[in-house]
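Data block below; observations after.
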Amino acid sequence: AQSVTQLDSQVPVFEEAPVELRCNYSSSVSVYLFWYVQYPNQGLQLLLKYLSGSTLVKGINGFEAEFNKSQTSFHLRKPSVHISDTAEYFCAVSDRNSGYSTLTFGKGTMLLVSP
Amino acid sequence: GAVVSQHPSWVICKSGTSVKIECRSLDFQATTMFWYRQFPKQSLMLMATSNEGSKATYEQGVEKDKFLINHASLTLSTLTVTSAHPEDSSFYICSAAGRLAMGEQYFGPGTRLTVT
């Protein structure tokens, strides 16, 4: 079984400032890692994913994340945020060996970007 | 690519009636579809997993007779909330995964259900 911890329920930041959203996971098996974004009253959109290879993963909208196996972390970063980045961000993991692709989600982090 | 649609986007129904929500994968074959429920300001709660042509697998605590899931084809899954009550009001989101998904799911836009 896996679990995902998003340490911050809310992160306020000013426009054009850098931001890091933290994600730690626990798993007894190898996992795939994902970050999704959810805008109000919408479904989830994939920001980026780590499947294998380079531990630094670049995604859409200028976001990137780094997989750190020793710290079991997959923190999301953006060097300069925009007002439009205000949304809920979910970290998720999936068992590499699962045929069902079941995702385990963190509780989410609300990114609030103000002018 | 990898677009998932849901219909309707929102629905209001009276207590005791049933409502059906459709989830379609528009440009790929979804061997597995997932149904989630999301309460305000909370994470997604997996309700059930369905594979095309098979019965859905429900998560613990989810009433399978109340939330009927059908995955009749590789592009369509439906969730029927039977005898709806106000406590069933929620945001329902479906997602779909293809055969070589490697863990990735594609999410629909969600359906807001309000039971009066």
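In what follows, every heavy atom counts, from backbone to side chain, and hydrogens, waters and symmetry copies are set aside. Small disclaimer: the values here were computed from a predicted structure and weren't measured.
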Quick one, E22(B) and L76(B) - any side-chain contact, counting heavy atoms below 4.5 Å?
yes

Please give me the minimum heavy-atom distance between W35(A) and A65(A), naming the atom from each residue.
CD1-CB, 4.1 Å

Quick check on ring-ring contact (aromatic ring centres under 6.0 Å, His included): which of Y25(A), F34(A), F67(A), Y32(A) does Y50(A) satisfy it with?
F67(A)

Chain A heavy atoms under 4.5 Å from Q6(B): which part of the residue, side chain, backbone, both or neither?
neither

With only heavy atoms counted, which part of Y36(A) is less than 4.5 Å from chain B, the side chain, the backbone, both or neither?
side chain

Are side-chain heavy atoms of F107(B) and L44(B) found at a separation under 4.5 Å?
yes

Where along residues 83-95 of chain B does a heavy atom come under 4.5 Å of chain A, listed by residue number?
F91(B), I93(B)

Side chain, backbone, both or neither: which part of L44(A) has a heavy atom under 4.5 Å from chain B?
both

Would you say E52(B) and Q29(B) are linked by a side-chain donor-acceptor pair, where the criterion is simply a distance under 3.5 Å?
no

Check whether Y58(B) forms a cation-pi arrangement with K64(B) (NZ or CZ under 6.0 Å from the six-membered ring centre, at most 45° off the ring normal).
no

Decide whether S73(A) and N24(A) meet the rule of one side-chain donor and one side-chain acceptor closer than 3.5 Å.
no

Across all chains, not counting sequence neighbours, the salt bridge (Lys or Arg N to Asp or Glu O under 4.0 Å) partners of E66(A) are R77(A)

Are V11(B) and V115(B) co-members of a hydrophobic cluster defined by side-chain heavy atoms under 4.5 Å apart?
yes

Sub-4.5 Å heavy-atom contacts with chain B: which residues of residues 3-10 of chain A show up?
none

Does some side-chain heavy atom of R96(A) sit less than 4.5 Å from a side-chain heavy atom of S52(A)?
yes

How about D85(A) and K78(A): do any of their side-chain heavy atoms sit closer than 4.5 Å?
yes

Heavy-atom side-chain proximity of K49(A) to V57(A) below 4.5 angstrom
no

Report yes or no: do S77(B) and W35(B) form a side-chain donor-acceptor pair below 3.5 Å?
yes

Where on Q45(A) is there a heavy atom nearer than 4.5 Å to chain B: the side chain, the backbone, both, or neither?
neither

Determine which residues belonging to residues 104-111 of chain A lie within contact range of chain B, meaning some heavy atom pair is under 4.5 Å apart, and list them by number or answer 'none'.
F105(A), G106(A), K107(A)

Please report the shortest heavy-atom distance between A97(B) and F34(B), naming the atom on each side.
CB-CE1, 4.1 Å

Provide the closest heavy-atom pair for H71(B) versus N51(B) in the form atom of the first, atom of the second, distance.
ND1-C, 3.4 Å

